[in-house]
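The next block holds one structure in the form of structure tokens; read it before the comments.
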Amino acid sequence: MTKRLVIKVTAGADAPERCSQAFTVAAVAVASGVEVSLWLTGESAWFALPGRAAQFDLPHSAPLADLIDAILAGGTLTLCTQCAARREITGDDVLAGVRIAGAQVFVQEAMADGAQALVY
């Protein structure tokens, strides 16, 4: 059975340590060979846009843009449908490789056999 990690990050620049932890855990899991799905919700939704991660700075943490690149290279990065709509973000606006999907897909991924879900 394949082990899958589904992570929902709700924090952005408003809670930088919690935000950074979610991206760090996701990138480390990808590097470890774990199947990863990272969901951007709430204020983290802004990181689906080009250039936004480069503006994020947290001392003693990996650059957020590098973590996103690592996640996109080996995992799935999803922007919440409702969160995107509230911020007027469309599929044309997001980084290459980011998908927009809703709660039904999140629940499906989180409830799949072998899945472990975390929320930051």
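This one's a predicted model, so the numbers in the text were calculated from it and none came from an experiment.
Inter-residue side-chain proximity for F56 and L58 is flagged as met; some heavy-atom pair is nearer than 4.5 Å.
The backbone N or O of I100 sits nowhere less than 3.5 Å from a side-chain atom of T78 that would complete a donor-acceptor pair. A donor-acceptor contact shorter than 3.5 Å links the side chain of T81 to the backbone of G102. In terms of modelled atom types and a separation under 3.5 Å, the side chain of D93 and the main chain of G91 share no donor-acceptor contact. Panel note: side chain R18, backbone V9; no donor-acceptor pair is recorded below 3.5 Å. Of the possible donor and acceptor atoms, one in the side chain of S32 sits under 3.5 Å from a partner among the backbone N and O of V28.
Under the 4.5 Å side-chain heavy-atom criterion for Ile, Leu, Val, Met, Phe, Trp and Tyr, L5 and I68 are members of the same hydrophobic cluster. Cluster annotation: L38 and V105 are assigned to distinct hydrophobic clusters (Ile/Leu/Val/Met/Phe/Trp/Tyr, side-chain heavy-atom contacts under 4.5 Å, transitive). Hydrophobic clustering of Ile, Leu, Val, Met, Phe, Trp and Tyr side chains at less than 4.5 Å, counting indirect connections, keeps I71 apart from W39. L77 and L49 fall within the same hydrophobic cluster, defined by Ile, Leu, Val, Met, Phe, Trp and Tyr side-chain heavy atoms under 4.5 Å apart, directly or through other members.
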Inset, instruction - Applying side chain to side chain contact (heavy atoms under 4.5 Å, CB included), run through V36 and V25 and close with a yes or a no. - result: CA-CA 10 Å; V36 173; V25 167; over 6 Å; no
Inset, instruction - Could you walk me through whether R99 and L79 pass side chain to side chain contact (heavy atoms under 4.5 Å, CB included), step by step? - result: CA-CA 6 Å; R99 70 177 177 165; L79 172 59; over 6 Å; no
Inset, instruction - Run the numbers on L118 and V6 for side chain to side chain contact (heavy atoms under 4.5 Å, CB included), then give the verdict. - result: CA-CA 6 Å; L118 302 174; V6 182; over 6 Å; no
Inset, instruction - Apply the test side chain to side chain contact (heavy atoms under 4.5 Å, CB included) to residues E109 and R4: give CA-CA distance (whole Å), side-chain angles for both, the deciding distance (0.1 Å), then the verdict. - result: CA-CA 9 Å; E109 288 185 5; R4 181 172 178 86; 3.4 Å; yes
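Under a 4.0 Å N-O distance rule, the pair E43/R52 does not qualify as a salt bridge.
The closest side-chain donor-acceptor pair between S44 and W46, if any, does not fall under 3.5 angstrom.
Across every non-hydrogen atom of F47 and G12, the tightest pair is CE1-CA, 3.8 Å.
Here the NZ-CG distance, from K3 to D113, works out to 10.5 Å after rounding to the nearest 0.5 Å.
At least one test fails for K8 against the ring of Y120: distance under 6.0 Å to the centre or angle within 45° of the axis.
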